[in-house]
There are 2 protein chains.
Amino acid sequence: MSAKLWLAQLHENGYRITKARGAVVEIVETSNRALTPVEVYDMARKKYRALGLVTVYRTLEKLEELHLIQRVHQPMGCQAFISAGHGHQHLLLCQNCGQVEFFEGDDLDVLTKSIAKKTGYQINEHWLQLFGLCAACRKN
Amino acid sequence: MSAKLWLAQLHENGYRITKARGAVVEIVETSNRALTPVEVYDMARKKYRALGLVTVYRTLEKLEELHLIQRVHQPMGCQAFISAGHGHQHLLLCQNCGQVEFFEGDDLDVLTKSIAKKTGYQINEHWLQLFGLCAACRKN
DNA sequence: TACTTATTGAAATTGATTTTCAATAAAGAA
DNA sequence: TTCTTTATTGAAAATCAATTTCAATAAGTA
Ligand SMILES: [Mn+2]
Ligand SMILES: [Mn+2]
Ligand SMILES: [Zn+2]
Ligand SMILES: [Zn+2]
């Protein structure tokens with residue numbers, strides 16, 4: 001996925017393509033760590049000085065709505081966003097530098113069936129997230 | 001765990017036992033769903049009218065510090081707290097009524113080892129949460 | 001009981017997010 | 001291209017949650 005495709009997605013959904021949106025998309029799409037609205041604002045303003053923080057909020061809202069980005073929950077806070085994975089994927093986060101990797105292939109069927117039986121719940125979804133140190137940060 | 005034990009814990013850690021704390025503890029300790037500070041405030045004020053919202057925030061902070069409660073992350077928000085589980089446990093949440101159950105016995109060793117190898121990460125922690133409908137809510 | 005000081009709630013403050021609004025510019029039509 | 005429509009913009013104001021300040025109070029201890 002490239003910034004161009006994200007803008008095309010916005011356009012297809014009836015949203016206009018503007019310089020403000022272009023700057024926000026460029027930043028968020030290429031980041032390998034989750035960014036807060038203010039971080040996006042600071043970084044995107046280097047590409048488009050006139051950008052307003054309000055527009056960052058509004059653009060992130062739309063990108064989330066189109067599933068192009070997703071919110072990242074962390075012990076320190078839950079206001080950061082990252083370019084979304086495709087299909088059923090989960091996150092692996094570096095506790096030192098914030099780097100995000102996606103992974104798939106978790107198989108929780110046995111577990112969920114057993115929990116469902118034990119608790120009487122109908123289980124619909126799961127959240128799974130791994131935390132650790134990325135290869136670069138391990139070396140310090 | 002009972003409210004009395006929580007207060008004893010607070011006392012052991014050098015905190016004083018007050019009516020305000022008693023009311024907050026009573027509410028949080030007995031709830032089977034995660035409560036926000038305002039919810040705790042509203043409910044605890046029925047037991048102790050003079051209670052201030054500030055004190056709720058301050059008490060929750062201390063209870064979290066002592067690991068008596070834990071924050072619950074949900075799609076709708078992450079400002080709610082529930083009485084903490086013991087040892088390594090995970091949450092199962094009812095998407096309808098908010099009921100929380102704890103479960104253990106997940107085994108993610110094979111998965112984490114495989115992801116570690118694939119990504120070069122050293123994996124330290126994991127978050128796992130299940131969502132569904134509790135037995136009561138299934139029947140509607 | 002008397003003393004020390006942690007705790008309290010009200011009020012003020014901070015900080016993040018949302019709303020309002022008039023000016024602007026994107027998109028499509030002519 | 002120019003024109004027209006209207007979504008989008010950023011500044012400013014408003015809202016909302018959370019934190020800090022502070023003088024009065026009450027918990028714990030001697
Ligand atoms: Mn999964
Ligand atoms: Mn586990
Ligand atoms: Zn790292
Ligand atoms: Zn339920």
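Note on naming: letters A, B, ... go to the chains in the order of the sequence lines (proteins, then strands), and numbering restarts at 1 for each one.
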- prompt: Looking for any heavy atom pair under 4.0 Å, which part of the strands does B/Arg21 touch: base, sugar-phosphate only, or nothing?
  reply: sugar-phosphate
- prompt: If you look at every strand shown and take non-hydrogen atoms under 4.0 Å, does B/Tyr48 touch a base, only sugar-phosphate, or nothing?
  reply: sugar-phosphate
query: Atom CG of B/Asn13 and atom P of C/dA6: how far apart are they, to the nearest Å?
result: 15 Å
query: Within this structure, what is the CZ-to-P distance between B/Arg49 and C/dA10, rounded to whole angstrom?
result: 12 Å
- request: Could you work out which one of D/dT20, D/dT9, D/dA18 sits closest to the side chain of B/Pro37?
  value: D/dA18
At a cut-off of 3.5 Å, list every protein nitrogen or oxygen paired with a nitrogen or oxygen from nucleotides 13-16 of chain D, distance to 0.1 Å.
none

task: To the nearest Å, give me how far apart CD (A/Glu61) and C1' (D/dT8) are.
output: 13 Å
- prompt: Tell me: CZ of A/Arg58 to C1' of C/dT20, nearest whole Å?
  reply: 10 Å
Test side chain to side chain contact (heavy atoms under 4.5 Å, CB included) applied to B/Glu39 and B/Arg33, step by step: CA-CA 11 Å; B/Glu39 284 174 326; B/Arg33 62 184 196 84; 3.4 Å; yes
- prompt: What integer distance in Å separates A/Leu51:CG from D/dT8:C1'?
  reply: 12 Å
- request: Could you check how far CG of B/Leu53 sits from P of C/dA10, rounded to whole Å?
  value: 10 Å
message: Rounded to whole Å, how long is the line connecting atom CG of A/Leu60 with atom C1' of C/dT18?
response: 14 Å
message: Each nucleotide in nucleotides 25-30 of chain D should get exactly one letter: B, S or -. Can you fill that in based on protein heavy atoms under 4.0 Å?
response: -BBS--
task: Choose from D/dT9, C/dT8, D/dT20 the nucleotide whose nearest atom is closest to any side-chain atom of B/Val54.
output: D/dT20
